[in-house]
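Residue indices begin at 1 and follow the sequence shown.
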Amino acid sequence: MPIDAVVRRICIAVLALAATGPATSLAPDQVKSPRLYALDCGQVEFKNMGMFSDTGEYDRKPGSLVVPCFVIRHPKGILVWDTGLGDKLAESKSGVDLPGGFHMSMAVTLAEQLKAMGLAPADVTAVAFSHFHFDHTGNANMFPASTWIINQTELPWALADPTPSGVDPSTFSGYKTAKTQMIDNDYDVFGDGSVTILKAPGHTPGHQVLLLKLNRAGTVILSGDLYHTRDNRKYRRVPAFNYTRADTLASIDRIEKIIANTKGRLVVQHDPIDFKALPKFPAYLE
């Protein structure tokens with residue numbers, strides 16, 4: 001089955017797995033410097049990882065990816081970066097099998113993890129997305145009171161007819177009524193250079209990564225889907241379903257140069273090893 005058809009069938013299968021409503025509001029804690037929390041927002045197992053390289057290294061090989069969400073606490077507010085798979089998936093304790101040999105599961109909801117931090121969705125100042133594939137927008141509608149920071153190239157692409165493969169517009173329909181901050185280039189979220197969205201197109205037209213400058217950990221970049229695995233980073237492999245190969249490689253060049261120049265750390269968001277290497281929730285990186 002063609003990759004686009006497989007991804008489209010996955011999207012159809014997850015249309016019903018929409019995000020749950022907000023939890024009871026709790027006042028956020030005060031912080032003196034930025035903190036990064038890594039939250040478990042699902043897992044996907046594949047019978048065939050072939051789509052993750054257009055040069056055949058993964059053909060007919062099984063594998064699994066994690067689906068994280070991230071919370072950045074800053075003295076000026078709280079940012080959620082990527083919102084994972086929809087919390088409703090957690091109601092299926094054994095997960096859900098999807099066409100094409102995919103199995104999605106969720107052990108704990110985003111809402112539960114926010115509550116463990118003393119937060120309700122209404123406490124979140126802003127929500128931003130590496131891109132609009134369904135595994136990054138699953139709980140977007142949980143945040144109607146937040147400012148949605150949206151790449152102005154990504155949104156019209158994601159709303160196109162026919163719907164692009166991997167996109168489920170119902171998961172981010174809340175943008176229509178939420179306060180929005182439309183961006184086209186790099187964007188300093190809190191105005192002090194400590195949390196910056198970096199333009200990195202290729203996986204999708206408006207794909208982005210998130211750069212953090214933390215007091216102790218230094219520069220940390222959250223990859224979005226610039227890479228899906230550590231090997232993809234090591235060998236500069238490009239998924240077969242990326243929007244443009246040339247833009248992907250150009251973005252890789254830019255982000256890797258930034259990592260080198262800052263002696264920073266890049267976190268491959270979907271890679272289980274990179275995710276596990278982060279402080280285990282509710283611990284944080286600062």
Side-chain angles (χ1 to χ4, degrees), residues 1-12 14 44 46 48-59 63 65 67-68 81-85 100 102 128-138 140 148-173 175 182-187 197-211 221-229 231-233 235-258 266-271:
M1 181 183 295
I3 289 172
D4 281 357
V6 170
V7 178
R8 194 174 301 281
R9 288 179 68 181
I10 293 172
C11 291
I12 292 171
V14 301
V44 185
F46 302 85
N48 181 0
M49 291 277 288
M51 70 172 66
F52 293 104
S53 174
D54 63 5
T55 47
E57 290 85 359
Y58 305 128
D59 287 356
L65 300 176
V67 183
W81 172 258
D82 285 340
T83 64
L85 299 172
F102 301 83
F129 312 89
S130 59
H131 62 296
F132 275 167
H133 281 155
F134 72 88
D135 55 322
H136 296 256
T137 61
W148 290 37
I149 304 172
I150 298 176
N151 183 284
Q152 67 182 28
T153 302
E154 187 77 356
L155 183 61
W157 167 80
L159 295 175
D161 186 14
T163 301
S165 296
V167 175
D168 177 1
S170 73
T171 62
F172 56 88
S173 59
Y175 84 90
M182 304 302 294
I183 64 174
D184 186 40
N185 292 299
D186 298 349
Y187 181 74
I197 297 170
L198 300 180
K199 187 175 181 178
H203 180 62
T204 63
H207 182 270
Q208 310 169 127
V209 304
L210 187 68
L211 182 148
I221 292 182
L222 304 179
S223 71
D225 282 8
L226 182 66
Y227 309 107
H228 292 81
T229 69
D231 275 354
N232 272 28
R233 182 186 182 194
Y235 299 110
R236 294 170 57 90
R237 292 172 182 162
V238 177
F241 59 97
N242 273 23
Y243 187 72
T244 61
R245 196 176 208 283
D247 283 351
T248 300
L249 293 173
S251 291
I252 287 173
D253 288 341
R254 181 198 184 200
I255 300 308
E256 291 294 350
K257 178 62 73 173
I258 292 171
L266 186 137
V267 177
V268 180
Q269 290 186 201
H270 279 301
D271 188 274

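In this structure, OG1 on T83 lies 12.0 Å from CZ on F134, to the nearest 0.5 angstrom. Between D54 atom CG and R245 atom CZ the span is 4.0 Å, to the nearest 0.5 Å. Annotation: the span from T153 atom OG1 to Q208 atom CD amounts to 9.0 Å, rounded to 0.5 Å. Rounded to the nearest 0.5 angstrom, N242 CG and R237 CZ are separated by 14.5 Å. L210 CG to F129 CZ: the interatomic distance, rounded to the nearest 0.5 Å, is 13.0 Å. Rounding to the nearest 0.5 angstrom, the gap separating the CD1 atom in I221 from the CD atom in E256 is 8.5 Å.
We find that D253 and R236 are joined by a salt bridge, their nearest charged nitrogen and carboxylate oxygen being less than 4.0 Å apart.
Heavy atoms from other residues, nucleotides or ligands lying under 6.0 Å from OH of Y187 number more than 12.
Aromatic pair F52/F46: ring centres closer than 6.0 Å.
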Could you please spell out the steps behind the side-chain contact (heavy atoms from CB on, under 4.5 Å) verdict for V167 and F172? CA-CA 10 Å; V167 175; F172 56 88; 3.9 Å; yes
Please assess L198 against I258 for the test side-chain contact (heavy atoms from CB on, under 4.5 Å), listing each intermediate value before the final yes or no. CA-CA 10 Å; L198 300 180; I258 292 171; 3.8 Å; yes
For the pair L159 and Y175, evaluate side-chain contact (heavy atoms from CB on, under 4.5 Å) and give the outcome as yes or no after the intermediate values. CA-CA 12 Å; L159 295 175; Y175 84 90; 3.1 Å; yes
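With F132 as reference, I150 is the one residue of I150, D168, T171 to meet the side-chain contact (heavy atoms from CB on, under 4.5 Å) rule.
Ring planes of H270 and H136: perpendicular class, angle over 60° (limits at 30 and 60°).
In this structure, the side chains of D271 and R233 stay at 4.5 Å or more apart for every pair of heavy atoms. Side-chain contact between I255 and L266: present, with at least one pair of heavy atoms (C-beta onward) separated by less than 4.5 Å. Contact annotation: the side chain of H228 approaches that of H203 to within less than 4.5 Å [non-hydrogen atoms, C-beta and beyond]. In this structure, Y243 and P201 have side chains that are not in contact, with every pair of non-hydrogen atoms separated by 4.5 Å or more.
Under the 3.5 Å distance criterion, with hydrogens and angles disregarded, a donor-acceptor pair is assigned to the side chains of H131 and D225. Residues T229 and Y58 have side chains that bring a donor and an acceptor to within less than 3.5 angstrom of each other.
Residues P169 and A158 share a closest heavy-atom pair of CG-O, 4.0 Å. F241 and H133 make their closest contact through CE1-CE1, 4.3 Å (heavy atoms, listed as atom of the first residue, atom of the second, distance). Among all heavy-atom pairs drawn from W148 and A140, the shortest one is CZ2-O, 3.1 Å. When all heavy atoms of T248 and L226 are compared, the closest pair comes out as O-CD1, 4.3 Å. The shortest non-hydrogen separation linking V209 to L222 is CB-O, 3.2 Å. Of all non-hydrogen atoms in Y227 and V268, the two that sit nearest each other are O-CG1, 3.7 Å.
At least one donor-acceptor pair closer than 3.5 Å links the side chain of D186 to the backbone N or O of K199. H207 contributes a side-chain N or O that, together with a main-chain N or O of A200, makes up a donor-acceptor pair within less than 3.5 Å.
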